[in-house]
Amino acid sequence: MGGQRQLARRLGTGDAVVVGLSSMLGAGVFAVLAPAAAAAGAGLLVGLVVAGVVAACNATSSAQLAVQHPSSGGTYLFGRRQLGPWWGYVAGWGFVVGKTASCAAMALTAAAYAVPDPWQRPVAALAVVALAAVGYRGVTRTARAARVLLVVVLLALVVVVVSALQVDDPAAVPGTELLAVGDDGWRGVLQAAGLLFFAFAGYARVTTLAEEVRSPRRTIPRAVLTSLALVLVLYLVVAVTALAAVGPAALAASDAPLETVVAAGPWPGLGAVVRVGAVAACCAALLALLAGVSRTMLAMAREGDLPRVLAAVHPRHEVPHHAEVAVAVVVVVAVLVGDLREVIGFSSFGVLTYYLVANLSALTQTAEHRLAPRAVAVVGVLGCAVLALSLPPASVVTGATVLAAGVVLRLLLRRPVARP
């Protein structure tokens with residue numbers, strides 16, 4: 001990268017695991033059980049396992065690619081170096097657009113839990129500004145703030161599980177029916193898996209921060225796989241107890257499914273704890289997402305796929321401050337003028353495309369750089385493709401249209417200028 005200023009390596013394994021956990025334990029765990037239950041009924045548990053398997057394949061491919069290429073940019077960088085510029089661009093464009101929309105959705109979700117309707121958009125915008133200011137001061141501050149928010153989220157989930165176990169009539173879904181497939185059969189299960197993938201999408205966030213991780217060959221694989229395993233176990237515990245307490249119909253009909261579970265238990269007043277946990281979860285995920293999107297923009301700007309001004313690194317805080325400000329501005333505008341709380345399917349499509357490129361990139365790695373057999377990447381490719389196409393049709397059409405628009409944009413930007 002010539003004389004370009006590099007980011008400082010300050011994150012250890014613990015900090016990297018916290019970033020991954022806070023990215024996954026965001027709005028997803030508090031919201032995604034509802035659409036997943038609507039799609040698959042109690043079969044959402046099967047969908048959760050399917051999503052977890054695909055995520056594990058993606059995580060393995062992402063980790064081994066990040067070890068070989070320990071610089072900012074994630075799959076944008078991996079795709080460029082392993083497959084070519086266009087592959088990297090498609091991955092980077094899908095990530096930036098999809099995750100910027102997810103940032104807005106999480107900010108709006110946090111505000112919806114925190115304040116009444118007239119104040120939700122202004123509060124969401126203020127949350128974005130405040131969290132962007134934290135990230136602007138340095139990546140270690142991001143990890144520290146994520147650690148505090150993560151503790152609040154975990155306490156809220158403990159309240160949900162304990163309340164569910166105390167429901168007087170936990171017969172909404174008998175144990176023998178917990179894996180029953182819903183009315184739409186396996187199509188519904190796959191759709192639920194695609195939606196639930198949204199909740200896992202932060203597992204490889206640390207790979208976008210690879211330039212700031214100490215000892216990347218050791219730290220990145222441990223952090224990615226550890227955070228994914230912990231979250232999968234936690235999601236399974238929460239989903240099983242929620243289904244056993246209130247059943248899939250109640251979950252599907254609720255805008256706040258985990259609060260519905262607590263309301264069915266002996267301590268409905270603890271729903272306030274869940275609301276606080278939801279706000280903390282959204283803020284933690286938003287904090288990590290702002291960091292991840294800005295680092296991807298940094299990598300794209302370094303290669304000329306975005307304006308090069310976004311490649312600037314702050315001389316004191318050593319963060320891509322122009323990119324962080326740009327992301328924050330776009331997200332603030334989005335929360336003030338649009339309702340983006342329905343972007344789960346669209347975000348999943350973009351992220352699945354992103355990891356499809358990651359798995360294809362991993363297939364080209366030589367033996368000394370692989371952490372797992374090529375079969376893992378093959379399963380990842382097929383899993384990403386199947387789940388993306390199983391999403392609601394509107395999500396597939398919108399996602400494909402946005403990706404095509406990105407391709408056209410790059411063609412226009414890269415078009416040679418005729419000289420007089």
Side-chain angles (χ1 to χ4, degrees), residues 24-60 157 160-161 164-165 167 170-203 225 227-254 257-258 260-261 344-345 347-349 351-352 355-356 359 375-376 378-393 395-396:
M24 284 182 278
L25 294 175
V29 71
F30 289 90
V32 79
L33 289 182
L44 73 87
L45 293 177
V46 181
L48 182 60
V49 173
V50 171
V53 170
V54 175
C57 294
N58 297 345
T60 301
L157 293 180
V160 172
V161 172
L165 293 174
V167 173
V173 180
T176 56
E177 298 180 14
L178 275 178
L179 296 181
V181 176
D183 294 339
D184 289 337
W186 283 99
R187 183 176 178 217
V189 170
L190 290 175
Q191 187 173 114
L195 294 168
L196 287 162
F197 189 84
F198 170 81
F200 284 108
Y203 56 81
L225 296 176
S227 58
L228 175 62
L230 291 173
V231 168
L232 177 57
V233 171
L234 182 59
Y235 280 0
L236 282 170
V237 171
V238 171
V240 168
T241 53
L243 284 169
V246 301
L251 290 178
S254 177
L258 297 190
T260 298
V261 173
I344 289 178
S347 178
S348 291
F349 186 89
V351 174
L352 285 164
Y355 286 114
L356 175 65
N359 284 297
V376 173
V378 172
V379 173
V381 169
L382 296 175
C384 287
V386 170
L387 293 189
L389 296 176
S390 299
L391 289 166
S395 298
V396 176

| said: Enumerate the side-chain hydrogen bond (donor to acceptor under 3.5 Å, both in side chains) contacts for residues 238-254, please, sequence neighbours excluded, ordered by first and then second residue. | reply: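 Passing the test, one end in residues 238-254: S254-T260.
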
| Stepwise side-chain contact (heavy atoms from CB on, under 4.5 Å) check, L232 with F200 | CA-CA 8 Å; L232 177 57; F200 284 108; 3.7 Å; yes

Could you pull out the closest heavy-atom pair between [X] and [Y], with the gap in Å?
X	Y	answer
A192	A39	N-CB, 4.1 Å
C57	V379	SG-CG1, 3.6 Å
L225	A59	CD2-CB, 4.0 Å
L228	A56	CD2-CA, 3.4 Å
V167	A245	CG2-CB, 3.7 Å

| Just one of V32, L236, L33 clears the side chain to side chain contact (heavy atoms under 4.5 Å, CB included) bar with L48, so which one? |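 In the set V32, L236, L33, the residue that makes a side chain to side chain contact (heavy atoms under 4.5 Å, CB included) with L48 is L236.
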
| query | So among L389, L387, V46, L391, which one has a side chain to side chain contact (heavy atoms under 4.5 Å, CB included) with L190? | reply |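 Result for side chain to side chain contact (heavy atoms under 4.5 Å, CB included) with L190: L387.
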
Does some side-chain heavy atom of [Y] sit less than 4.5 Å from a side-chain heavy atom of [X]?
X	Y	value
P248	L44	no
V351	F198	no
S390	R187	no
N359	L382	no
V54	N58	yes

| message | Run the side-chain contact (heavy atoms from CB on, under 4.5 Å) test on V231 and V29 for me, step by step, so that the C-alpha distance in whole Å, both residues' side-chain angles and the decisive distance to 0.1 Å come before the verdict. | response | CA-CA 10 Å; V231 168; V29 71; over 6 Å; no

| message | Strictly distance-based, threshold 3.5 Å: is any side-chain N or O of Y235 a donor or acceptor partner for the main-chain N or O of A199? | response |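 Yes.
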
